[in-house]
Amino acid sequence: MWTGVFPAVTTKFTADDRLDHAEMERCYSLQMEAGCDGIIVCGSLGEGPMLSPDEKIEVLKTAQKVAGKKPVLLTVNEPGTREAAAIARRAATEGADGLMVVPSPIYHTNPEETVAALRAVAEAGDLPVMIYSNRLAYRVDVTVDLMEELASDKRFVAIKESSDDIRRSTEIINRFGDRYDLFTGVDNLAFEALSVGAIGWVAGLVTAFPRETVAIYQLMRQGRREEALAIYRWFRPLLDLDVSTYLVQNIKLAEVLAIGTNDRVRMPRQPLSGERRKAVEKIVRDALAARPKLPSLQTSPRSTDKLVAAE
């Protein structure tokens with residue numbers, strides 16, 4: 001059902017901490033122009049836990065305006081299942097194409113609770129669901145056995161695999177074949193995951209470097225592994241910025257330097273400063289100075305967008 005590069009987009013704020021819809025439209029349009037295949041809003045990178053339910057729906061609508069016919073998923077990452085079900089119902093009413101569902105980031109559910117909560121959200125929204133399995137960030141592991149318990153419900157269509165164990169991707173494919181659309185959710189494991197069968201990439205640094213991200217994905221799908229690997233090796237220092245407590249600030253700073261936006265975040269986060277900011281700026285500026293020329297890409301059989309080489 002879903003495949004390709006799905007940016008986990010950032011949420012843009014004005015100087016007085018309101019949603020900046022105009023800047024989100026501009027930034028999200030860059031993703032679509034580069035050939036991304038969908039958008040995921042209000043996730044960890046999108047500062048979803050810092051947004052009100054009304055704000056989440058507003059961000060969803062802005063992404064829908066930009067994405068056109070491409071899928072837009074709303075992340076469900078509320079602490080309580082009641083609240084998660086409520087936002088899932090609202091997302092369905094507002095025409096979301098699907099949900100990316102995170103087990104409660106506050107209460108660390110046991111396996112029975114995890115399955116029950118995911119089922120409750122899927123039933124409430126009655127939309128296709130991408131299960132977000134990230135045991136490191138959220139301390140809840142949606143294991144392969146739990147995925148098997150959920151497999152009888154056709155609303156669970158995809159997995160965002162972020163366990164940080166590349167072996168998990170093969171375990172999922174061995175157990176389920178193509179029952180789930182397998183997405184990698186760890187930027188600096190993306191090449192490895194695509195190599196063993198992932199068909200999608202929920203990407204973070206794509207928000208600052210969309211064409212490079214799409215190029216890696218498309219080249220891998222076309223069997224042009226060495227060309228993809230060359231770009232990935234250049235990209236790795238940047239991709240490492242996604243695997244950090246400061247991933248939001250890191251990536252927003254990368255956006256400042258690469259696409260000319262701002263790095264405003266919602267408190268308690270604050271933009272990077274001091275030595276930490278200098279270190280991230282150096283990584284991004286070094287990458288920009290050595291930015292590779294991208295090869296011409298054939299149009300993907302699953303995409304209607306014509307991909308062109310970056311100048």
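No experiment lies behind these values; they were computed from the predicted model shown.
Nearest heavy-atom pair across Leu238 and Ala287 is CD1-CB, 3.5 Å. The shortest non-hydrogen separation linking Asp97 to Lys70 is OD2-O, 3.9 Å. The two residues Val41 and Ala63 make their nearest non-hydrogen contact at CG1-CB, 3.6 Å. In terms of heavy-atom proximity, Gly204 sits nearest to Asp242 at CA-OD1, 4.3 Å. The shortest heavy-atom contact between Ala120 and Ala85 is O-CB, 4.5 Å. Of all non-hydrogen atoms in Val248 and Ser44, the two that sit nearest each other are CG2-O, 3.5 Å.
Here Glu47 pairs with Lys252 in a salt bridge; the nearest charged N to carboxylate O distance falls below 4.0 Å. A salt bridge links Glu212 and Arg291; the closest N-O separation between the charged side-chain nitrogens and carboxylate oxygens is under 4.0 Å. Taking the charged nitrogens against the carboxylate oxygens, Glu275 and Lys278 do have a contact shorter than 4.0 Å, which makes a salt bridge. Of the charged side-chain nitrogens involved, at least one lies within less than 4.0 Å of a carboxylate oxygen, so that Arg168 and Glu171 count as a salt-bridged pair.
In this structure the side chain of Trp2 reaches within 4.5 angstrom of the side chain of Val157, judged on heavy atoms. Side-chain contact between Ile216 and Phe235: present, with at least one pair of heavy atoms (C-beta onward) separated by less than 4.5 Å. The shortest distance between side-chain heavy atoms of Arg264 and Lys12 does not fall below 4.5 Å. Contact annotation: the side chain of His108 never approaches that of Pro103 to less than 4.5 Å [non-hydrogen atoms, C-beta and beyond]. Using a 4.5 Å heavy-atom cutoff, the side chains of Arg266 and Glu55 are in contact. Between Glu123 and Arg155 the shortest side-chain heavy-atom distance falls below 4.5 Å. For the pair Leu19 and Val59, the minimum side-chain heavy-atom distance is below 4.5 Å. The shortest distance between side-chain heavy atoms of Met1 and Pro128 falls below 4.5 Å.
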Run the numbers on Thr81 and Glu83 for side chain to side chain donor-acceptor pair (under 3.5 Å), then give the verdict. CA-CA 5 Å; Thr81 302; Glu83 292 77 15; over 6 Å; no
Asp263/Arg277 under salt bridge (charged side-chain N to carboxylate O under 4.0 Å, His left out): CA gap, chis, key distance, verdict: CA-CA 11 Å; Asp263 62 343; Arg277 187 179 186 91; 2.9 Å; yes
Does the pair Val144 and Phe176 meet the rule for a side-chain contact (heavy atoms from CB on, under 4.5 Å), with working shown? CA-CA 9 Å; Val144 177; Phe176 303 109; 3.7 Å; yes
Take Val256 and Glu281, measure what side-chain contact (heavy atoms from CB on, under 4.5 Å) needs, and give me the verdict at the end. CA-CA 10 Å; Val256 169; Glu281 282 188 347; over 6 Å; no
Please test Glu23 against Thr261 for side chain to side chain donor-acceptor pair (under 3.5 Å), starting from the C-alpha separation and ending with a verdict. CA-CA 8 Å; Glu23 185 61 2; Thr261 186; 2.6 Å; yes
Test Leu150 against Leu118 for side-chain contact (heavy atoms from CB on, under 4.5 Å), laying out the working first. CA-CA 8 Å; Leu150 297 167; Leu118 289 170; 3.6 Å; yes
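For Glu192, there are no salt bridge (charged side-chain N to carboxylate O under 4.0 Å, His left out) partners at least two apart in sequence or on another chain. Remark: Glu148 pairs with Arg175 by the side chain to side chain donor-acceptor pair (under 3.5 Å) rule, at least two apart or across chains. Taking Asp16 as the reference, Arg18 meet the salt bridge (charged side-chain N to carboxylate O under 4.0 Å, His left out) condition, with sequence neighbours excluded. With sequence neighbours left out, the ring-ring contact (aromatic ring centres under 6.0 Å, His included) criterion links Phe156 to no other residue. With sequence neighbours excluded, the residues that form a side chain to side chain donor-acceptor pair (under 3.5 Å) with Asn77 are Lys56. Among residues two or more places apart in sequence or in another chain, the ring-ring contact (aromatic ring centres under 6.0 Å, His included) test is passed with Tyr107 by none. In terms of the side chain to side chain donor-acceptor pair (under 3.5 Å) criterion, Arg119 has no residue partners (sequence neighbours excluded). A search for salt bridge (charged side-chain N to carboxylate O under 4.0 Å, His left out) contacts involving Lys160 returns nothing, not counting sequence neighbours. Among residues two or more places apart in sequence or in another chain, the salt bridge (charged side-chain N to carboxylate O under 4.0 Å, His left out) test is passed with Glu149 by none. Not counting sequence neighbours, the partners of Phe191 by the ring-ring contact (aromatic ring centres under 6.0 Å, His included) test are Tyr232.
In terms of modelled atom types and a separation under 3.5 Å, the side chain of Ser133 and the main chain of Val142 share a donor-acceptor contact. Without hydrogens or angle criteria, Tyr132 side chain to Gly43 main chain gives no donor-acceptor distance under 3.5 Å. Judged by distance alone, with hydrogens and angles left aside, the side-chain atoms of Arg179 form a donor-acceptor pair with the main-chain N or O of Ala151 at under 3.5 Å. When atom types are taken as modelled, the side chain of Tyr217 and the backbone of Val5 share no donor-acceptor pair closer than 3.5 angstrom. No side-chain donor-acceptor contact under 3.5 Å links Glu94 to the backbone of Lys61. Remark: the backbone N or O of Ile172 is not paired with any side-chain donor or acceptor of Glu161 at under 3.5 angstrom. The backbone N or O of Asn110 lies less than 3.5 Å from a partner atom in the side chain of Glu113, making a donor-acceptor pair. Judged by distance alone, the side chain of Thr93 and the main-chain N or O of Arg89 form a donor-acceptor pair under 3.5 Å. Between the side chain of Thr62 and the backbone N or O of His21 there is no donor-acceptor pair closer than 3.5 Å.
For the side chain to side chain donor-acceptor pair (under 3.5 Å) condition, the pairs that include at least one residue of residues 193-208, sequence neighbours left out, are Asp187-Trp201, Thr207-Glu255.
We find the CD-CD1 distance between Glu78 and Ile106 to be 10.5 Å, quoted to the nearest 0.5 Å. Remark: Ile57 CD1 to Leu60 CG distance equals 5.5 Å, nearest 0.5 Å. Distance check: Asn134 CG to Ser163 OG gives 8.5 Å after rounding to the nearest 0.5 Å. To the nearest 0.5 Å, atoms CZ (Arg221) and CD (Gln218) are separated by 8.5 Å.
Atom OH of Tyr246 sits in a sparse spot, with 12 or fewer heavy atoms from other residues, nucleotides or ligands closer than 6.0 Å. Around the CG atom of Asp178, the shell of radius 6.0 Å holds no more than 12 heavy atoms that belong to other residues, nucleotides or ligands.
Under a hydrophobic-cluster definition in which Ile, Leu, Val, Met, Phe, Trp and Tyr are linked whenever side-chain heavy atoms come within less than 4.5 Å, directly or via other members, Leu272 and Leu45 are assigned to the same cluster.
In this model, no donor atom of one side chain and acceptor atom of the other lie less than 3.5 Å apart for Glu112 and Thr114.
The hydrophobic cluster around Val243 extends to Val186, Leu189, counting ILVMFWY residues whose side-chain heavy atoms fall within less than 4.5 Å of a member.
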